[in-house]
Undergrad: 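Dumping the structure here so I can ask a few things about it.
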Amino acid sequence: MAVALSRTKTSGRTFERRVEEYRHPRIAVLLVAGAVSWFWLVVRDGSPPWQLVRGAVVVVATVGALVGFTMWRQRQVGDTASTLGMTGVVVAVGFAPHVAKTGLSAASVAATTLLVASLFMVIGGVALAGRGRSRPARVVAAILTAATTAFTAWIVSPAIAATNVPRPSIGATPASAGLAYEDVMLRTSDGVDLAGWFVPPENSAAVVLLHGAGSTRSSVIEHAAAIARNGFGVLLVDARGHGESGGRAMDFGWHGDRDIEAATRFLGGQSSVDPRRIAVVGMSMGGEEAVGASASNPMISAVVAEGATARSAHDEGWLSDAYGWRGAIQEQLERVQDVATDVLTSASPPIGNRDAVRASGDIRYLLIAAGAVPEEQHAAAYVIPAAPRRVETWTVDGAGHTDGVRVAAAVWERRVVDFLRDALGVEAEPTEGRG
């Protein structure tokens, strides 16, 4: 009996040594693999000081964890590994657009490596920290870890995705729609070069035409053709970080005021354009940027925004009215997401759409919502009380997000052009022979 007991104790000590000698090094290897990917992802873009700070955080966390693996007890090692793994999962999920849109690229490989390494760290860390605990305690720990990871990813990963955007490429040019145009380059007040195409006007009025997040000016050529063949000038611009424009993309559109200011300044300087007859037409993110910029840009006389919903939590006050307590919770979560996003970008949270309309003086608005997207209809209705006499809304039956010009091309052209003519004081007789 004594011999058997001694063997049992020896086997137990052997197992503990295996945990320390076998599992710890593998967690360390996963940590290093994940850290290398994490480091590359966080320093690949941004200003040098910000790159240095983010890179230093990853290095310090990695070195600290590696040192801890050689000094701490297994439960401490497990807790640290699972915590770092959870953080890595959140970052990797934030880079999911790179995996989906760029295929085999350095960013997608790094994001995939980080995700795999982080998941193994979470699983291995939870298992290691749970040694010696009861089965119910281990199950509860695993559930809490999974729930915490999912909740944090829900809040933080969209902020990471919005500030680490894969650059979309230019496609067709206005020539594909039979439009004569010229290539132009604009400079924003903070030194970013924006690429654009300019179709000169025949009626002295012009619009800045903005695409949505994750696309380029090529995606709004059909809209440009509908507007230009009625005599209006059109300036199609790549948002910063998109297409051929410089700068870093931000898919929530927080840089919109500066980008639009550069565009309206360009139009105001053209001899063919009356600076009192400039409008902004935007799709999705571009529409939200257009509404926001109208609060402070004196060159904007009218705005058409299609598919505009929210750039920040300021635009989602309708959620609690539409969805009750669930909407109220979502509103607060959006506020937390704004804080996380603010940390990751040089831009600040912008003015809300409703506040922008209220502050815009006598500017008129046409808000176009998709019939198949209730959120767009709620967002448009939320803006109306700010200026009922200056805000028009139109819901395109059966249309999806920013799909109005394709679902109802003739009606879209008539509604938008008639609104622009009326808002800008342009003669109703269309100009023929655009090409």
Side-chain angles (χ1 to χ4, degrees), residues 23-46 53-66 68-69 72 74-130 138-166 251 333-334 336-345:
R23 291 195 178 187
H24 289 195
R26 279 152 182 78
I27 290 180
V29 169
L30 289 172
L31 175 60
V32 172
V36 171
S37 300
W38 191 357
F39 181 85
W40 187 86
L41 289 172
V42 302
V43 303
R44 58 184 291 274
D45 204 350
V53 170
R54 290 182 297 181
V57 170
V58 175
V59 171
V60 170
T62 304
V63 172
L66 287 171
F69 286 166
W72 296 346
Q74 72 175 45
R75 182 169 296 178
Q76 293 172 312
V77 171
D79 290 339
T80 301
S82 59
T83 300
L84 289 173
M86 290 164 58
T87 306
V89 169
V90 171
V91 173
V93 171
F95 278 86
H98 283 273
V99 179
K101 296 180 180 180
T102 65
L104 186 62
S105 66
S108 63
V109 170
T112 302
T113 301
L114 177 58
L115 179 61
V116 173
S118 297
L119 287 173
F120 274 104
M121 283 186 66
V122 171
I123 296 170
V126 170
L128 194 60
R138 295 198 300 271
V139 171
V140 169
I143 292 175
L144 288 176
T145 300
T148 301
T149 304
F151 180 77
T152 305
W154 184 27
I155 299 297
V156 179
S157 294
I160 295 173
T163 54
N164 294 273
V165 183
D251 266 0
L333 293 177
E334 296 289 345
V336 177
Q337 186 178 96
D338 284 353
V339 173
T341 304
D342 196 16
V343 172
L344 298 174
T345 180

Undergrad: Looking only at heavy atoms, what is the nearest atom pair of Val122 and Ser82, with distance?
TA: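 Heavy atoms only, the tightest pair is CG2-O, 3.8 Å.
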Undergrad: Enumerate, atom names and distances included, each donor-acceptor pair closer than 3.5 Å involving a side-chain atom of residues 143-150, sequence neighbours excluded.
TA:
unit_1, atom_1, unit_2, atom_2, d
Thr145, OG1, Ala141, O, 2.8
Thr148, OG1, Leu144, O, 2.8
Thr149, OG1, Thr145, O, 2.8

Undergrad: Can you name the residues that form a side-chain hydrogen bond (donor to acceptor under 3.5 Å, both in side chains) with Glu334, not counting sequence neighbours?
TA: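 Per chain and number, Glu334 pairs via side-chain hydrogen bond (donor to acceptor under 3.5 Å, both in side chains) with Gln330.
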Undergrad: If the condition is side chain to side chain contact (heavy atoms under 4.5 Å, CB included), which residues does Ala161 pass it with, not counting sequence neighbours?
TA: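 If we apply the side chain to side chain contact (heavy atoms under 4.5 Å, CB included) test to Ala161, skipping adjacent residues, the hits are Pro97.
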Undergrad: Mind checking side chain to side chain contact (heavy atoms under 4.5 Å, CB included) for Val156 and listing every partner two or more places apart, or none if nothing turns up?
TA: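 By the side chain to side chain contact (heavy atoms under 4.5 Å, CB included) rule, Val156 matches Val90, Thr152, Ile160.
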Undergrad: Might you point out which heavy atoms bring Ala153 and Pro158 nearest each other, and give the distance in Å?
TA: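 Smallest interatomic distance, heavy atoms only, reads O-CD, 3.2 Å.
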Undergrad: Look up atom CG in Asp338 and atom CG in Leu333, then write down how far apart they are to the nearest 0.5 Å.
TA: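 That separation rounds to 11.0 Å.
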Undergrad: Is there a donor-acceptor contact under 3.5 Å from the side chain of Thr341 to the main chain of Gln337?
TA: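 Checking the backbone N and O of Gln337 against the side chain of Thr341, a donor-acceptor pair under 3.5 Å is found.
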